[in-house]
Amino acid sequence: MVSSLSFSYLAIISLLFYHSYFSSIEAQNDGLTVKLFRKTSFKYIPNIIQAPIHAHIGQHLMEVYIGTPPIKIYGIADTGSELIWTNCVPCDGCYKQINPLFDPKKSSSYINVSCNSSHCNDLHLHECSPENYCSYNYGYADSSVTQGVLAQETVTLTSNTNKSVAIKNILIGCGHNDTGTFNDQEMGIIGLGRGPMSLISQIGPLFGGKKFSQCLVPFDTDIKIASKMSFGKGSEVSGEGVVTTPMVITPNPVSYLVTLLGISVEDTYFPYNSKGDASKGNMLIDSGTPPIYMPNDLYDRVATEIRNKISMKPIIDDPSLGTQLCYQTNTNLDGPNLTFHFENANVVLTPIQIFVPPRDGVFCLAINNQTEEEGIYGNFAQSNYLIGFDIEKELISFKQMDCIKH
């Protein structure tokens, strides 16, 4: 899900920049509690810090715990934004959710951030509530918006040995007026972008570096099946078959931008634009956006070739499918592979990653066209790949993997 800060042409509501600061972290392991302070040297916790992720209706929900006692939250895992937030009591203007709202009054570790604090003063376009709390108004490219107050709270993750790891004083948004394209399983968003407010930027220095890896399961996987997201030391993507592309660093502090040189449909290559050149940083890697978005020119060339490579006739008389390229079949669609030629890295996508079933027996191309030249590499394409994001080395790595088994 692209935040309003991610594209200059999407001037929605903005804010939230802050310098990383941690007063303490508390790690619980076999009954022993060790407090680590940033102002002094510290040891790495000898476990890989992780969080389960579940696929649901085009998004991937990360399972984390917030507060004391810890309350389970399912938030959209979003590399396209940086704010961590959840629906909070009271939430009269919010979309409906199945699970109970987070109630800050029931958490002993919840602290509202004051407008006079350095955290709030570092925000852009921040406001003060009548109680002198630091309020925010954060928007996304799909017109979804969260409004609430900035707070410090304990966030609890797990490790690869199933031990709980409680991290104090994480900055989160407590949303009291949240609207947009959310479904009732989604309790907020876990921002994983490069910006200082994101989860990885806040916890990375405490666990071996600002890096993480994810393995997203395919679109229609049972929500009960979880894959893992790993953070910091031990999250590196390595071994046979790994390909790596450099991040393109821009003044925008949030986005993971890379350079896409072109796309091959089987053996037929199409450069990113008809002139044969590709601008640096023309593709955003965004786990919060389901489909791929391409400029009109590239989409037309690629979609036409995909259609030519499939022997079946597409569905042309179903208004519910709009203008999507869709096919009806009782088996998995036998379509072509696509190779995305990123700078220094070729990533092969199979039909399971480029066609999704909106309903039984129908498969539609999960690629959309747009007028903008900067594209989006969405989460359908990211499935069944172990993808590593290393902010410090400014690299993104890909390794093919069955994420259901991972």
Side-chain angles (χ1 to χ4, degrees), residues 1-12 58 78-81 140-143 181 193 245-252 254-310 314 321-326 335-351 353-356 364-383 385 387 396 398:
M1 182 175 291
V2 184
S3 77
S4 59
L5 303 175
S6 299
F7 289 131
S8 60
Y9 61 85
L10 291 170
I12 314 177
D78 186 16
T79 59
S81 66
Y140 300 87
D142 65 355
S143 298
T181 57
T245 189
M247 296 180 193
V248 177
I249 305 304
T250 69
N252 183 334
V254 177
S255 302
Y256 295 104
L257 293 172
V258 297
T259 302
L260 180 64
L261 304 176
I263 298 171
S264 291
V265 182
E266 295 294 351
D267 296 329
T268 305
Y269 175 76
F270 299 97
Y272 192 83
N273 59 48
S274 297
K275 298 178 182 178
D277 58 356
S279 59
K280 288 284 187 179
N282 58 14
M283 187 64 64
L284 168 67
I285 309 295
D286 184 7
S287 65
T289 296
I292 295 169
Y293 282 86
M294 295 180 184
N296 287 325
D297 174 62
L298 179 60
Y299 173 86
D300 290 342
R301 290 177 285 140
V302 169
T304 298
E305 186 64 20
I306 290 174
R307 184 169 179 168
N308 290 339
K309 287 285 196 294
I310 297 177
L321 300 174
T323 60
Q324 289 181 288
L325 180 61
C326 300
N337 288 347
L338 270 61
T339 302
F340 277 65
H341 301 279
F342 296 107
E343 183 179 355
N344 301 333
N346 293 330
V347 176
V348 179
L349 302 182
T350 64
Q353 293 150 320
I354 58 176
F355 281 89
V356 297
C364 294
L365 183 65
I367 302 175
N368 292 345
N369 59 326
Q370 62 178 17
T371 57
E372 291 78 13
E373 283 300 308
E374 188 177 83
I376 302 176
Y377 193 77
N379 65 50
F380 293 147
Q382 295 174 45
S383 67
Y385 266 91
I387 304 178
I396 297 179
F398 300 82

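In this chain, residues are counted from 1 in sequence order.
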Would you name the heavy atoms of [X] and [Y] that are closest together and state the gap between them?
| X | Y | answer |
| --- | --- | --- |
| F380 | A366 | CD1-CB, 3.4 Å |
| S279 | T259 | O-CG2, 3.8 Å |
| D297 | S274 | OD2-OG, 2.8 Å |
| K309 | T268 | NZ-OG1, 3.8 Å |
| P290 | G58 | CG-O, 3.2 Å |
| N344 | P246 | ND2-CD, 4.1 Å |

How long is the straight-line distance from [atom2] of [Y] back to [atom1] of [X], given to the nearest 0.5 Å?
| X | Y | atom1 | atom2 | answer |
| --- | --- | --- | --- | --- |
| D78 | T289 | CG | OG1 | 7.0 Å |
| L325 | Y299 | CG | OH | 6.5 Å |
| L257 | T245 | CG | OG1 | 11.0 Å |
| L349 | I367 | CG | CD1 | 8.0 Å |
| I387 | N379 | CD1 | CG | 10.0 Å |
| M294 | M283 | CE | CE | 6.5 Å |

Take I396 and M247 through the side chain to side chain contact (heavy atoms under 4.5 Å, CB included) test and state the conclusion after the steps.
CA-CA 7 Å; I396 297 179; M247 296 180 193; 3.9 Å; yes

Parallel, tilted or perpendicular, as decided by the 30° and 60° cut-offs, for the rings of F342 and F398
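Ring orientation, 0 to 90° scale: parallel.
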
Using modelled atom types only, decide if a donor and an acceptor are shared between the side chain of [X] and the backbone of [Y] within a distance under 3.5 Å.
| X | Y | result |
| --- | --- | --- |
| Q353 | S383 | yes |
| E266 | L338 | no |
| Y385 | V348 | yes |
| Q382 | Y377 | yes |
| T79 | I285 | yes |
| N282 | L260 | yes |

Is there a side-chain contact between D286 and Y293 in this structure, where contact means two heavy atoms from C-beta onward sitting under 4.5 Å apart?
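No - every pair of side-chain heavy atoms lies 4.5 Å or more apart.
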
Distance alone, cut at 3.5 Å: any donor-acceptor contact between the side chains of D277 and N273?
yes

Show, in sequence, the C-alpha distance, side-chain angles and deciding distance for I306 and F355, and conclude whether the side chain to side chain contact (heavy atoms under 4.5 Å, CB included) test is met.
CA-CA 11 Å; I306 290 174; F355 281 89; 3.9 Å; yes

Look at R301 together with E305 and state whether they make a salt bridge at an N to O cut-off of under 4.0 Å.
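So R301 does not pair with E305 through a salt bridge.
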
